[in-house]
Protein chains: 2
Amino acid sequence: MKPRKIYNRIPVFRNERNLSRQDLADLVGVNYQTIGYLEREEYNPSLDLAFRIAEVFGLPVDMVFSTKPMKPLSEVLRDHLEKEGD
Amino acid sequence: MKPRKIYNRIPVFRNERNLSRQDLADLVGVNYQTIGYLEREEYNPSLDLAFRIAEVFGLPVDMVFSTKPMKPLSEVLRDHLEKEGD
DNA sequence: GTGTTTTGTTGTAAATTTACAACACCCAAG
DNA sequence: CTTGGGTGTTGTAAATTTACAACAAAACAC
């Protein structure tokens, strides 16, 4: 099964928290270059690594990784706010 | 990074829909034995495979896979219903 | 009973992910 | 200018996941 490319918001969430790749790598327990590969989307993380990264940001996996290109968070937020006011 | 074991509800959702492993395997495009390995939790799926399986069931990844042992769905449902009536 | 489908098990090979090292580049601080 | 942090790139080796085949056991229909 040739894996599809999976998109992610790692850089967004990482920068928001002023973490270096090394910092994030330490938090999840991988090499800092592995974070680089993931941010450049050169390969997909394992499911466990995806869970670890999502846990660091306190988010569900689907909010950090997606099978389709990531919408800007502002849009996600707007859509969510709209739905609340129905 | 030695991966943690990841738990899943594949058998629950698969049986609910009366799918054989072969059926599910065809739907996601892997060998039927791969589904067997996952159900027995002998190894973790790749992130892409996890997404494919979750998509078949129309659920977010975190509802099908988890880092911690799976609660029975009845509990999940009960907790969710409770939260609605607050 | 026989026959068929589903599942479990074992083994090997391929593909993908992760680790690690080495080096270059950029850029902000001093 | 120069030092250092953060990042990108290349290459190799290890670990994990997937495919596939072959066969046995279990469940089910006929």
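Given the structure is predicted, the values throughout are model-derived calculations rather than measurements. Residue numbers begin at 1 in each chain, while the letters A, B, ... track the order of the sequences.
- Taking atom CZ of B/Arg4 as the reference point, atom C1' of D/dT16 lies 16 Å away to the nearest angstrom.
- Distances from the side chain of A/Glu42 to the nucleotides D/dT16, D/dG6, D/dT9 place D/dT9 closest.
- For the pair A/Asn44 (side chain) and A/Ile6 (backbone), a donor-acceptor distance under 3.5 Å is present.
- As a whole-Å value, the separation of A/Asp23 CG from D/dG5 P is 12 Å.
- The aromatic rings of A/Tyr37 and A/Tyr43 sit parallel to each other, their planes meeting at less than 30°, with 60° as the upper class boundary.
- If you take CG of A/Asp26 and P of D/dG6, they are 11 Å apart, rounded to a whole angstrom.
- Closest-nucleotide positions on DNA chain C for B/Glu39 and A/Pro3 were compared, and the one nearer the 5' end corresponds to B/Glu39.
- Relative to the ring axis of B/Tyr7, B/Arg9 does not place its NZ or CZ within 45° and under 6.0 Å from the centre.
- Panel note: side chain B/Asn8, backbone B/Glu39; no donor-acceptor pair is recorded below 3.5 Å.
- The separation between A/Asn8 atom CG and C/dT17 atom P is 13 Å, rounded to whole Å.
- Close to D/dT7, at under 4.0 Å from its OP1 or OP2, lies a side-chain N or O of A/Arg14.
- With rounding to whole Å, A/Arg52 atom CZ is found 12 Å from D/dT16 atom P.
- Put simply, CD on A/Glu41 is 17 Å from C1' on C/dT16, counting in whole angstrom units.
- Summarising the geometry of A/Tyr32 relative to A/Ala25, their closest heavy-atom pair is CA-CB, 3.5 Å, with the distance given to 0.1 Å.
- Comment: B/Glu55 does not engage A/Lys68 in a salt bridge, judged by the lack of any side-chain N to carboxylate O separation of less than 4.0 angstrom.
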Footprint string (nucleotides 18-30 of chain D, 5' to 3'): B base within contact, S backbone only, - free, heavy atoms under 4.0 Å
BSBBB--------
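- Atom-to-atom, CG of B/Leu19 to C1' of C/dT6 comes out at 13 Å; the value is rounded to the nearest Å.
- By the 6.0 Å contact criterion, CE on B/Met63 is open, its count of non-hydrogen atoms from other residues, nucleotides or ligands being 12 or less.
- The distance from atom NZ of B/Lys5 to atom P of D/dT17 is 12 Å, rounded to the nearest whole Å.
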